[in-house]
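Here's the structure we're looking at; comments come further down.
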Amino acid sequence: MPSFRRTRRSKSADKASLPDIKRCRQGRRFVRICVARSAVRVQGLLVAQARAALRAIDLFVEFERRADRLLAVAPKLRAKAADAVVEKLLSDDAIVASEKIAGMSDRGLRRLFDRLVELGAVRELSGRSTFRIYGI
């Protein structure tokens, strides 16, 4: 018959996790303290998860608003491959202004991004004067 003995953990591991069975059997007071500490820890974790979920919802709403703005501005663009650029902006996180897109020269792509920034549909993410990165 196999034995089910627990191995002794280090003191730092005891503090970070739930107490082992041997220590809890020593007295009722210790059990109450351990349960109270773990309840506070669980409550703190649940609060952190709720805050992260609310932040994710806020980010989603912001990105949706920006995507709607980009789609509203798209008919005003007169460049040949403007539809491809808008589609790429909606599908990727960011686009480099020097990226090769069929039907667009480097200069034309930079001018298109400057126009999108003026219209408020795209943000310049890098903060540099050269090798700019654009995204929603």
Measuring from atom [atom1] of [X] to atom [atom2] of [Y], what distance do you get when rounded to the nearest 0.5 angstrom?
{"X": "Asp83", "Y": "Ile101", "atom1": "CG", "atom2": "CD1", "result": "11.5 Å"}
{"X": "Glu124", "Y": "Asp114", "atom1": "CD", "atom2": "CG", "result": "9.5 Å"}
{"X": "Leu119", "Y": "Arg69", "atom1": "CG", "atom2": "CZ", "result": "6.5 Å"}
{"X": "Phe63", "Y": "Asp93", "atom1": "CZ", "atom2": "CG", "result": "7.5 Å"}

Would you please test Arg55 and Leu59 for side-chain contact (heavy atoms from CB on, under 4.5 Å) and show each step?
CA-CA 6 Å; Arg55 178 72 178 136; Leu59 286 173; 3.8 Å; yes

Side chain to side chain, [X] and [Y], heavy atoms closer than 4.5 Å:
{"X": "Arg123", "Y": "Val117", "value": "no"}
{"X": "Tyr134", "Y": "Leu112", "value": "no"}
{"X": "Val47", "Y": "Arg51", "value": "yes"}
{"X": "Lys88", "Y": "Glu99", "value": "yes"}

Stepwise, does the side-chain contact (heavy atoms from CB on, under 4.5 Å) test hold for Leu125 with Arg132?
CA-CA 7 Å; Leu125 303 173; Arg132 293 182 177 170; over 6 Å; no

Please report the closest heavy-atom contact between [X] and [Y], naming both atoms and the distance.
{"X": "Leu77", "Y": "Ala82", "value": "CB-CB, 3.8 Å"}
{"X": "Leu90", "Y": "Leu71", "value": "CD1-CD2, 3.7 Å"}
{"X": "Leu89", "Y": "Ile136", "value": "O-CD1, 3.5 Å"}
{"X": "Gly135", "Y": "Val122", "value": "O-CG1, 3.4 Å"}

So does Arg115 have more than 12 non-hydrogen atoms from other groups sitting under 6.0 Å from CZ?
no

Take a 6.0 Å sphere around CG of Asp58 and say whether it holds more than 12 heavy atoms from other residues, nucleotides or ligands.
yes

Applying a strict under-4.5 Å side-chain criterion to I, L, V, M, F, W and Y, I'd like to know whether Val73 and Met104 cluster together.
yes

Applying side-chain contact (heavy atoms from CB on, under 4.5 Å), run through Val86 and Leu116 and close with a yes or a no.
CA-CA 10 Å; Val86 169; Leu116 286 170; 5.5 Å; no

